[in-house]
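To start, the structure itself, in structure tokens.
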Amino acid sequence: MFPVSFVAEKTKQPRGGYIKPSQFTLIQLEDEQELKDLNNISPIIVGLAVDYLTRFAIGTPKEDAFGISMSGARRAQERGVEDAEAVADGLLDGITGLDDQSIINACKLATFDVWIRNTKAAAMAKTHSDTNPDENTVNDIRIMVNRGVRFFDEYGPIKKDGFTFKPNGYSLKVSSGDGDFLTEDTMWDFKVSKSPIKSKHTLQLLMYYIMGKHSENEIFNGINKIGFFNPKLNCVYILNADSIDKSIIEEVEKEVICY
């Protein structure tokens with residue numbers, strides 16, 4: 001039983017991928033902001049902070065936007081990490097906007113995610129105390145969150161963020177995984193990366209799309225496009241799901257997700 005991201009990473013795909021990145025339409029967005037791209041903390045934590053702060057900035061209550069982090073803190077406390085919940089509560093209280101301290105707190109709070117996303121590695125992961133974003137990192141995160149807000153001004157509004165695939169979307173092989181954003185007709189994944197999308201990313205998003213359809217949850221009704229937004233590169237990738245060959249859908253259902 002594995003998370004979606006692990007399965008997508010480890011699956012041997014056909015040449016070019018089940019969905020080639022080139023199949024997506026690329027749209028380059030423009031602004032006058034330039035990232036320093038000299039971050040002094042983990043790229044994973046930067047990505048999580050951008051994701052969660054974007055959710056908060058577009059109106060999601062911070063308790064929900066940082067829900068995985070807070071659940072991670074509870075699990076850390078259960079596993080013997082002293083004062084984990086109190087620390088997380090204090091960090092969450094200090095997130096009020098996009099000021100420097102809020103961004104620093106968001107990065108520190110996101111370190112608790114590992115207790116949910118990869119519990120086996122949690123004991124060796126860097127903690128909130130080890131995570132101290134510098135000025136360049138804080139400014140880059142602020143720029144990327146603002147790009148996310150502008151992205152949803154154009155491509156939104158958001159119908160759902162932080163969604164899962166219950167009740168029937170998971171399988172005996174793929175037992176966990178949560179998506180980023182749904183708009184009226186598109187399932188979006190945020191990718192904070194220096195590089196363009198790769199086949200492992202397109203497979204992960206295709207799995208999300210298929211799992212949404214299998215879930216029988218009405219929030220996925222009307223979803224007929226899949227897309228990525230990369231706030232680091234400030235670009236959008238989008239694909240009409242109807243253009244995906246049915247044989248590819250069936251193979252991923254049977255061989256990758258294992259329904």
Side-chain angles (χ1 to χ4, degrees), residues 3-55 110 117 136-137 139-156 158 161 177-183 185-212 223-245 248-249 251-252 256:
V4 174
S5 57
F6 179 87
V7 174
E9 176 84 33
K10 298 300 182 182
T11 295
K12 184 177 181 179
Q13 299 189 52
R15 184 177 178 85
Y18 284 110
I19 302 180
K20 296 179 175 64
S22 60
Q23 291 176 243
F24 285 74
T25 298
L26 170 62
I27 303 166
Q28 182 64 56
L29 305 181
E30 302 294 340
D31 64 24
E32 297 180 356
Q33 302 296 315
E34 185 175 346
L35 302 178
K36 296 292 186 183
D37 208 17
L38 298 170
N39 304 156
N40 72 324
I41 63 173
S42 162
I44 294 173
I45 297 302
V46 170
L48 291 172
V50 170
D51 183 346
Y52 299 160
L53 284 170
T54 300
R55 299 183 196 200
R117 299 183 184 276
N136 285 331
T137 303
N139 287 336
D140 278 3
I141 290 172
R142 184 182 294 109
I143 290 170
M144 288 189 282
V145 173
N146 283 325
R147 285 175 174 176
V149 172
R150 288 193 294 272
F151 165 76
F152 284 118
D153 283 343
E154 182 172 352
Y155 288 89
I158 298 296
D161 69 280
D178 56 284
D180 289 343
F181 299 95
L182 296 176
T183 53
D185 62 359
T186 308
M187 179 181 288
W188 294 101
D189 194 29
F190 262 38
K191 287 296 179 194
V192 181
S193 173
K194 297 179 181 180
S195 304
I197 55 172
K198 303 182 187 322
S199 60
K200 64 181 179 181
H201 303 138
T202 62
L203 175 57
Q204 181 175 337
L205 189 51
L206 176 59
M207 291 172 67
Y208 284 159
Y209 174 76
I210 292 170
M211 292 166 67
I223 299 298
N224 54 35
K225 298 183 182 72
I226 55 176
F228 297 93
F229 175 61
N230 185 334
K232 186 177 283 287
L233 300 180
N234 204 19
C235 64
V236 178
Y237 305 85
I238 193 162
L239 177 69
N240 191 324
D242 292 338
S243 70
I244 304 169
D245 193 286
I248 295 294
I249 299 284
E251 184 169 348
V252 172
V256 180

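The figures that follow rest on heavy atoms only: side chains count, while hydrogens, waters and symmetry mates do not.
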Original post:
Judged by atom type as modelled, is there a donor-acceptor pair below 3.5 Å linking the side chain of R147 to the main-chain atoms of Q33?
Top reply: yes

Subject >> Test item: L48 and R117 side chains (from C-beta on) under 4.5 Å apart, heavy atoms >> reply: yes

Subject >> CZ-CG distance between R142 and L35, expressed to the nearest 0.5 angstrom >> reply: 12.5 Å

**OP:** Kindly say whether the aromatic ring centers of Y208 and F228 come within a distance under 6.0 Å.
**Re:** no

Subject >> Check: S193 side chain, S195 main-chain N or O, donor-acceptor pair, under 3.5 Å >> reply: yes

**OP:** Locate the shortest heavy-atom distance separating H201 from K191; write the atom from each residue and the value.
**Re:** CD2-CE, 3.7 Å

Subject >> Residue I244 excluded, over 12 heavy atoms near CD1 under 6.0 Å >> reply: yes

Original post:
How about F229 and Y155: are their ring centroids closer than 6.0 Å?
Top reply: no

Subject >> From T202 atom OG1 to D189 atom CG, the distance as rounded to the nearest 0.5 Å >> reply: 11.0 Å

Subject >> Residues, nucleotides or ligands: over 12 heavy atoms within 6.0 Å of Q28 CD >> reply: yes

Original post:
Are the charged groups of D180 and R55 less than 4.0 angstrom apart, N to O?
Top reply: yes

Subject >> Under 3.5 Å: donor-acceptor pair, side chain of D51, backbone of G47 >> reply: no

**OP:** May I ask you to say whether K36 pairs ionically with D140, meaning some side-chain N is under 4.0 Å from a carboxylate O?
**Re:** no

**OP:** Indicate the atoms forming the closest heavy-atom contact of G16 with P21, along with that distance.
**Re:** O-CD, 3.9 Å

**OP:** Looking only at non-hydrogen atoms, find the nearest pair between P231 and V192 and report the distance.
**Re:** CG-CG2, 3.8 Å

**OP:** Kindly compute the distance separating CG (L206) from CD1 (I19), expressed to the nearest 0.5 Å.
**Re:** 4.0 Å

Subject >> Between F151 and W188, ring centroids under 6.0 Å >> reply: yes

**OP:** Carefully, step by step, assess K232 and D37 under the rule side-chain contact (heavy atoms from CB on, under 4.5 Å).
**Re:** CA-CA 9 Å; K232 186 177 283 287; D37 208 17; 2.9 Å; yes

**OP:** Answer yes or no: is there a donor N or O on one side and an acceptor on the other, between the side chain of T186 and the main chain of T183, under 3.5 Å?
**Re:** no

Subject >> Interatomic distance, N39 atom CG to K194 atom NZ [nearest 0.5 angstrom] >> reply: 7.5 Å

Subject >> Side chain proximity check, I210 to I249, heavy atoms < 4.5 angstrom >> reply: yes

**OP:** Any chance you could measure Q204, atom CD, to F6, atom CZ, to the nearest 0.5 Å?
**Re:** 13.0 Å

**OP:** Kindly give the heavy-atom pair with the smallest separation between P196 and Y237, and that separation in Å.
**Re:** CA-OH, 3.4 Å

**OP:** Of all the heavy-atom pairs spanning Y18 and E251, show the shortest one and how long it is.
**Re:** OH-OE2, 3.3 Å

Original post:
Atom CD in Q23, atom CD1 in I197: separation rounded to 0.5 Å?
Top reply: 10.0 Å

**OP:** Compare every heavy atom of G17 with every heavy atom of S199, then report the nearest pair and how far apart it is.
**Re:** CB-CA, 3.9 Å

